[in-house]
Protein chains: 2
Amino acid sequence: MKDLVSYCPIEEVMQVLSGRWPTLLVYYLKDGVKRFSDLKRDNPTVSHKMLTFELRKLEHAGIVQRKVFEGYPLRVEYSLTAGGRGLVPLIDALGDWWDQLPGAVSMQPKIHQSALTGE
Amino acid sequence: MKDLVSYCPIEEVMQVLSGRWPTLLVYYLKDGVKRFSDLKRDNPTVSHKMLTFELRKLEHAGIVQRKVFEGYPLRVEYSLTAGGRGLVPLIDALGDWWDQLPGAVSMQPKIHQSALTGE
DNA sequence: CGGTATCCTCGGAGATACTG
DNA sequence: CAGTATCTCCGAGGATACCG
């Protein structure tokens, strides 16, 4: 039963923003409209499937807007919603806080569990 | 090669705060000092291993302070560092933003990939 | 009591191929 | 071009048991 522990907004936001891509996508989108392939190019390491999934998640959350242009070839544009734009400064604030955080031993490329247990 | 895509602070913070527990733990700790078993009691669903791991992560990031009292039985107290306390209002801001976000169709207990594709 | 080590499982996420 | 479906695999994370 992977329920939410406490139904607080914090836990809900984190469910949307957790992971490597959501915040990055918001960032790439803050400059304006981007096509799916643009975002793909911005994040070369994200898989096709993941990108679709993350964008859907953000869309369902009301952060990102998806606009389809029928035709050939197909064309889909993504942009931040008004609400989504409000998220940008908050993420910025987190970044600033992090930079000033003393002892922020700049993170290893990827935190494996082993990185903290072993070594 | 699961490197960071862009070495921006955002991606680094998210690496620490991503997941279900980090923000919750910060929240439980904002009230003051807590023992390991307290935190365990606060989050009944977190596993022993996970709790240890998440606390280590927060400690290494300089957000949480760990204090061991030798003796029997052993006793360990956790608290927010000065820097960690600075995180609390930021998390609050996220929560507020989320609450006001229109179309915030209050999230399902857990977002499965299937929840967005299938259903 | 708090932490670590070991085992095991289940689902997150990559690769690939196909549709509109 | 954008999205979905299928298959596969690896590792995050639970359960358990044992130390200081």
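Side-chain atoms are counted along with the backbone in the values below, which use heavy atoms only and exclude waters and symmetry mates. Every chain is numbered from 1, with letters handed out A, B, ... down the list of sequences.
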Round to a whole Å and report the spacing from [atom1] of [X] to [atom2] of [N].
X       : N      : atom1 : atom2 : answer
B:Phe69 : D:dG20 : CZ    : P     : 22 Å
B:His60 : C:dG3  : NE2   : C1'   : 13 Å
B:Phe36 : D:dG20 : CZ    : P     : 18 Å
B:Glu54 : C:dG2  : CD    : C1'   : 17 Å
A:Arg66 : D:dC1  : CZ    : C1'   : 12 Å
B:Lys40 : D:dA15 : NZ    : P     : 10 Å
A:His48 : C:dA15 : NE2   : P     : 13 Å
B:Lys34 : C:dG2  : NZ    : C1'   : 17 Å

Hey, is [X] close enough to [Y] for a salt bridge, meaning N to O under 4.0 Å?
X       : Y       : answer
B:Asp38 : B:Arg35 : no
B:Arg56 : B:Glu54 : no
A:Lys57 : A:Glu59 : no

Exercise for the section: Using modelled atom types only, decide if a donor and an acceptor are shared between the side chain of A:Ser18 and the backbone of B:Gly19 within a distance under 3.5 Å. Expected result: yes
Exercise for the section: Kindly say whether B:Gln65 contributes a backbone atom to a donor-acceptor pair with the side chain of B:Thr81 at under 3.5 angstrom? Expected result: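 Checked: no pair found.
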For the side chain of [X], counting heavy atoms from C-beta on, which of [options] is nearest?
X       : options               : result
A:Ser47 : D:dG14, D:dA2, C:dG14 : C:dG14
B:Leu74 : D:dG3, D:dC7, C:dC1   : C:dC1
B:Lys49 : C:dG14, D:dG13, D:dG3 : D:dG13
B:Met50 : C:dA15, D:dC1, D:dG14 : D:dG14
A:Ser37 : C:dG3, D:dA2, D:dT6   : D:dA2
B:Thr52 : D:dG14, D:dC1, C:dT4  : C:dT4
A:Val76 : D:dA15, D:dA2, C:dA15 : D:dA2

Below 4.0 angstrom from OP1 or OP2 of [N], is there any side-chain N or O of [X]?
X       : N      : result
A:Tyr72 : C:dT19 : no
B:Arg35 : C:dG2  : yes
A:Arg75 : D:dA2  : no
A:Arg56 : D:dT4  : yes
B:Tyr78 : C:dC1  : no

